[in-house]
2 protein chains.
Amino acid sequence: MSSIRSTKSTIRDIASHAGVGAGTVSRVLNNHPHVSDSTRAKVLKAIEELNYRPSFSARQMRTGKSQVIGFITDEIASTQFAVNIIKGAQAVAWDYGKLVLVVNSDGNRAIEYEAIEMMLERGVDGIIYASMFHRQAQLPDSIHEVPAVLIDCFLPDRSLPSVVPDEFGAAHEATEILIRKGHRRIGLINLGGEAKPAIEGRLAGYTAAMQAHGLYDPDLIVHGGDEGAGRHGYASAMKLMKLTERPTAIFCAQDRIAAQAYRALHELGIAIPNEVAVMGFDNHIDVATTLSPLLSTMALPHLEMGQWAVEYLLSGAGEPLEPVQVKLPCPYIERQSI
Amino acid sequence: MSSIRSTKSTIRDIASHAGVGAGTVSRVLNNHPHVSDSTRAKVLKAIEELNYRPSFSARQMRTGKSQVIGFITDEIASTQFAVNIIKGAQAVAWDYGKLVLVVNSDGNRAIEYEAIEMMLERGVDGIIYASMFHRQAQLPDSIHEVPAVLIDCFLPDRSLPSVVPDEFGAAHEATEILIRKGHRRIGLINLGGEAKPAIEGRLAGYTAAMQAHGLYDPDLIVHGGDEGAGRHGYASAMKLMKLTERPTAIFCAQDRIAAQAYRALHELGIAIPNEVAVMGFDNHIDVATTLSPLLSTMALPHLEMGQWAVEYLLSGAGEPLEPVQVKLPCPYIERQSI
DNA sequence: TTGTATGCGTTATCAT
DNA sequence: ATGATAACGCATACAA
């Protein structure tokens, strides 16, 4: 439709077009209080006519703020359901009028360090570092040159604010839910691998609940192997079912473990949830809603952690961020397996 | 360890520190040919000592290039396995020394338009728009102000280059594979919903292969419903199995459909793959590798599309991009269900 | 209320 | 080979 407006107009072009000074244009652009309605209208009209678009790089040079935040993650792909962290972070940033620079490191520390360097060069207003599973992180000193928040991980010296799932509370609640349903013999198939805080937190939460009700029995606990993807779930469930006093409920510390447990129970001809109830953990949507019966599980608050991180990052109005360590609750998702 | 270097040094600071002119520093920074080794060394040393870090916003003001590319996607979450598109795009951008600005629109067109506007304000070097399923897209005119590439979708007027999966070829090959295994009666459970190109392409590929071998029979085709998530797979498989001349293989146009078909076959006591082979589509990793037996399927080239898009975007050395329409092959992933 | 001038950190042009 | 200087587009301090 329109002609050749190659989007090249500057603040001065619209100034002369509107017959005002450059400063005035800047003022209306930034909604300054002291500018008459008539001139504001003229300027707005000129902006419209010349198809003006402000240059954020120029603006950044003056103000020092880029309106961009950096987001670094270690393994965006391995636990794909965790993209909700990014989604939550980006959505909140958007509400603040900011855009998000995303880099996936694939767990390569050199890339993470360089990513931080590149973001600093771009003058990001803040950086968020997200791990895809709860663990301790290691970051370069330069991270402290800008406001930063950690998701699903923490620094050895706790010098940065972080938000993680409340593993203990979630496991405790999951166990309580099962107990409330009348179960006395509740097995736990824990996860393996390097997610220490998750492994220990979930075990502790389960243990505390069981002990509080005088139900604790170490035979009911199966520790995870390192095969990954919950592949030990099958053998673990089999083992649990061979107990003389076999459990009437199994708490799987991961939905993928639950999927394998389902398979074992199925082969044994044991009905879920009538003979044995199964509780998952993660709310790994592709797994939980593909299983039959649908899996009841504790949801990891991915979206919420992403939101919290950006919210906290941006709330700090430039002040140095208090290095709080926040634990977010994991809601129980009731479906059909309990 | 070091003192109070608050990372504030500019090109001039290091110039005076090294006892040279500002221009010289810029030259070594950009690897210009005509600079003596001795001065280069001095400058490098000063850079090191003052912990200098270039300002990309200042650089962008001069050069006009931001070294950033924008990535807009409609539904990052609904088909979460498609994050590989982002992963592939970001990885290639990284290799080019560029960072990626990501915004998820949740399918909201207003957000998409505004995102493009914001990216233009930030002077991105290019924009990639990715749909999470193969369809026609609608974008504002302003998208043409910068190099742009489409993923998994296309514009009505084909004015932008795009990369999509070769739906026809993939379905054709999937069917051929089944035929080669000796199957004559091959059922197709197609998908429902609004992914027109995928629905039609897969149907056409299947049909072409069946006809080429004189195996075509419309009774073998079940069209998908709109329940989503492949939930019609169960009923469709049941229907197929009730045929007088029932199929010995089922081609499911989506892994989630296959998951439901598994359930149906299971209930019917039909063994996979011995009595009925099952071919999936998507290589939806959480589904395909959770099922038992593991699902053989056609993989959507998500990662490759992301890579291709950025590669093509950046290859154009500033020249306007030729609006080619590329179809990428979908590799067959052999597992246990065939 | 509004116009003018200055400087943010670079790169590029022009001397030398 | 290298140093001085202008200009990129904007926000702000200062003047009017």
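- Using a 4.0 Å cutoff on non-hydrogen atoms, the parts of residues 11-24 of chain B near DNA chain C are B/Ile11, B/Arg12, B/Gly23, ordered by number.
- Looking at A/Val100 and B/Val102, their side chains never come closer than 4.5 Å, going by heavy atoms from C-beta outward.
- The nearest whole Å value for the distance from the CE atom in A/Met61 to the C1' atom in D/dA7 is 11 Å.
- Counting heavy atoms from C-beta outward, A/Lys327 and A/Pro165 have side chains that stay 4.5 Å or more apart.
- Taking only distance into account, the side chain of B/Arg59 never meets the base of C/dT10 through a donor-acceptor pair shorter than 3.5 Å.
- With A/Val149 as the partner, the side chain to side chain contact (heavy atoms under 4.5 Å, CB included) test is satisfied by one option alone out of A/Val326, A/Leu160, A/Leu321: A/Leu321.
- Paired with A/Phe56 under the rule side chain to side chain contact (heavy atoms under 4.5 Å, CB included), one option of B/Arg122, B/Met118, B/Gln60 passes, and it is B/Arg122.
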Query raised in the report: Going through the checks in order, is the side chain to side chain contact (heavy atoms under 4.5 Å, CB included) test met by B/Glu75 and B/Phe133?
Result: CA-CA 9 Å; B/Glu75 293 279 5; B/Phe133 66 91; over 6 Å; no
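- Rounded to an integer number of Å, the gap from CZ of A/Arg62 to C1' of C/dC8 is 7 Å.
- One can place CG of A/Leu120 at 15 Å from P of C/dG9, the figure rounded to the nearest angstrom.
- Rounding to whole angstrom units, CD of residue A/Gln60 and P of C/dG7 are separated by 21 Å.
- Atom NZ of A/Lys8 is separated from atom P of D/dC8 by 11 Å (rounded to the nearest Å).
- In summary, the side chains of A/Tyr129 and A/Glu112 do present a donor paired with an acceptor at a separation below 3.5 Å, with no hydrogens or angles considered.
- Contact of the A/Ile116 side chain with the A/Ile127 side chain is registered, since non-hydrogen atoms from C-beta on lie closer than 4.5 Å.
- Between B/His32 and B/Val28, the closest side-chain pair of non-hydrogen atoms is not below 4.5 Å.
- Between A/Leu101 and A/Val124 there is a side-chain heavy-atom pair separated by less than 4.5 Å.
- Of the residues in residues 25-42 of chain A, those lying under 4.0 Å from DNA chain D by heavy-atom distance are A/Ser26, A/Arg27, A/Asn30.
- Comparing atom distances between the A/Ala58 side chain and each of D/dG9, D/dA11, C/dG9 picks out D/dG9 as nearest.
- The distance between atom CD of B/Gln67 and atom C1' of C/dT10, rounded to the nearest whole Å, is 13 Å.
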